[in-house]
Amino acid sequence: MAFFQSQNHKQTPKRLKKRLTEDQVRLLESNFNYDMKLEPDRKIQLARELGLQPRQVAIWYQNKRARWKNQTLELDYKALQLRLDSVLADKRKLEREVGRLRGELQKAQEMQLRLTPIPIPPSSMSIYGDKNGNSSLQVEANCSWENVGQLQVDELYACLMGAGQTAKLNC
């Protein structure tokens with residue numbers, strides 16, 4: 001066992017990594033926020049102020065730019081993810097709306113097919129409502145057939161707009 005400990009002891013680095021103090025990091029951060037690129041004159045000036053080698057300052061800046069780029073990419077990714085989630089929610093909402101509108105269109109087409117063979121003049125139609133808010137389309141049978149016209153799209157749409165309306169022909 002002593003053999004392994006002596007082997008591990010030999011592998012430790014001869015010089016220890018020197019950590020920057022909070023004041024040094026604060027000064028470097030403030031300079032980085034001012035300018036992300038480090039000019040040679042500014043690098044030497046910062047190294048003197050901080051008591052570091054110019055190479056240490058340059059490496060700190062290089063590492064900080066890499067960390068900043070990763071953070072920026074993460075923020076961009078999160079923003080894009082939020083936009084994607086929003087767009088997908090809008091898409092689902094629009095798909096539901098399209099389904100609802102297709103259902104309404106199908107009802108209108110079915111109603112038009114039922115009403116088309118019997119031409120009815122618009123003046124002989126009326127919509128009646130009950131106390132529950134349900135309404136129905138009533139058609140009077142006493143009309144002159146020579147002036148009969150097609151059911152107008154606006155009147156059909158108005159008929160469909162009430163919830164659960166059904167067309168009743170009283171002929």
Side-chain angles (χ1 to χ4, degrees), residues 1-114 127 129 131-137 151-167:
M1 186 80 155
F3 174 74
F4 290 114
Q5 289 175 348
S6 64
Q7 288 291 341
N8 288 339
H9 181 64
K10 289 180 183 178
Q11 292 177 355
T12 58
K14 294 181 180 176
R15 61 184 175 143
L16 296 174
K17 185 175 179 180
K18 182 180 174 189
R19 298 277 180 191
L20 299 176
T21 65
E22 288 181 25
D23 291 335
Q24 289 172 325
V25 172
R26 198 174 306 120
L27 183 60
L28 286 168
E29 289 280 349
S30 66
N31 278 287
F32 182 83
N33 291 334
Y34 177 72
D35 190 8
M36 292 174 52
K37 297 287 182 175
L38 187 61
E39 298 295 327
D41 294 339
R42 184 69 184 141
K43 175 176 61 175
I44 293 169
Q45 180 186 359
L46 277 173
R48 277 192 213 129
E49 289 177 25
L50 298 170
L52 301 172
Q53 295 293 319
R55 181 78 183 131
Q56 286 177 288
V57 173
I59 290 172
W60 185 92
Y61 258 78
Q62 183 179 2
N63 292 339
K64 179 64 178 175
R65 276 193 301 272
R67 285 191 305 270
W68 177 83
K69 183 178 178 183
N70 285 336
Q71 289 171 346
T72 303
L73 286 174
E74 286 178 22
L75 291 175
D76 290 346
Y77 173 80
K78 288 177 183 177
L80 285 173
Q81 188 66 41
L82 288 174
R83 284 182 57 199
L84 175 64
D85 292 344
S86 173
V87 167
L88 289 175
D90 288 345
K91 179 182 180 254
R92 286 189 295 272
K93 181 180 172 186
L94 289 172
E95 285 172 344
R96 285 191 302 269
E97 180 71 10
V98 165
R100 186 186 67 77
L101 290 172
R102 280 188 177 142
E104 284 185 24
L105 178 61
Q106 185 177 0
K107 285 180 188 177
Q109 288 171 339
E110 289 170 0
M111 182 177 278
Q112 184 181 20
L113 286 175
R114 282 192 308 242
I127 297 176
K131 62 184 176 186
N132 295 328
N134 297 326
S135 56
S136 60
L137 176 66
L151 184 61
Q152 298 295 314
V153 174
D154 291 340
E155 292 165 346
L156 180 61
Y157 180 75
C159 176
L160 287 173
M161 286 291 71
Q165 289 182 356
T166 58

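In this text, all values refer to a predicted model and were calculated from it rather than measured experimentally.
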>> For R48 and Q45: C-alpha separation, side-chain torsions, deciding distance, then whether side-chain hydrogen bond (donor to acceptor under 3.5 Å, both in side chains) applies.
In response: CA-CA 5 Å; R48 277 192 213 129; Q45 180 186 359; over 6 Å; no
>> Does K91 form a salt bridge (charged side-chain N to carboxylate O under 4.0 Å, His left out) with E95? I'd like the steps, not just the answer.
In response: CA-CA 6 Å; K91 179 182 180 254; E95 285 172 344; 3.0 Å; yes
> Between R26 and D23, does a side-chain contact (heavy atoms from CB on, under 4.5 Å) hold up when you go through it step by step?
Replying inline: CA-CA 5 Å; R26 198 174 306 120; D23 291 335; 2.8 Å; yes
>> One pair to check against side-chain contact (heavy atoms from CB on, under 4.5 Å): E49 and L27. What are the steps and the verdict?
In response: CA-CA 9 Å; E49 289 177 25; L27 183 60; 3.6 Å; yes
>> Test side-chain contact (heavy atoms from CB on, under 4.5 Å) on K64 and M36; report intermediate values, then the result.
In response: CA-CA 9 Å; K64 179 64 178 175; M36 292 174 52; over 6 Å; no
> Checking side-chain contact (heavy atoms from CB on, under 4.5 Å) for the pair D76/T72: CA distance, chi angles, key distance, verdict?
Replying inline: CA-CA 6 Å; D76 290 346; T72 303; 3.9 Å; yes
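In R83, the CZ atom is not crowded: 12 or fewer heavy atoms of neighbouring residues, nucleotides or ligands sit closer than 6.0 Å. Counting non-hydrogen atoms of other residues, nucleotides and ligands closer than 6.0 Å to CD of E22 gives a total of 12 or fewer. For R100, the CZ atom is densely surrounded, since the number of other residues' heavy atoms within 6.0 Å is greater than 12.
Test L50, L38, L20 against W60 for side-chain contact (heavy atoms from CB on, under 4.5 Å) and you get one pass: L20. With respect to S86, the side-chain contact (heavy atoms from CB on, under 4.5 Å) criterion is satisfied by exactly one of L84, L82, D90: D90.
Residues A58 and K43 share a closest heavy-atom pair of CB-CD, 3.7 Å.
Atom OH of Y61 and atom CG of D35 lie 6.5 Å apart (nearest 0.5 Å). One finds the CG atom of L46 at 12.0 Å from the CD atom of E39 (value rounded to the nearest 0.5 Å). To the nearest 0.5 Å, the span separating CD on Q81 from CG on D85 amounts to 5.0 Å.
Ion pairing between K78 and E74 fails under the 4.0 Å rule for side-chain N and carboxylate O. Electrostatic pairing of K107 and E104 does not count as a salt bridge here, judged by no charged N lying under 4.0 Å from a carboxylate O.
Side-chain atoms of R65 and Q62 include no donor-acceptor pair closer than 3.5 Å.
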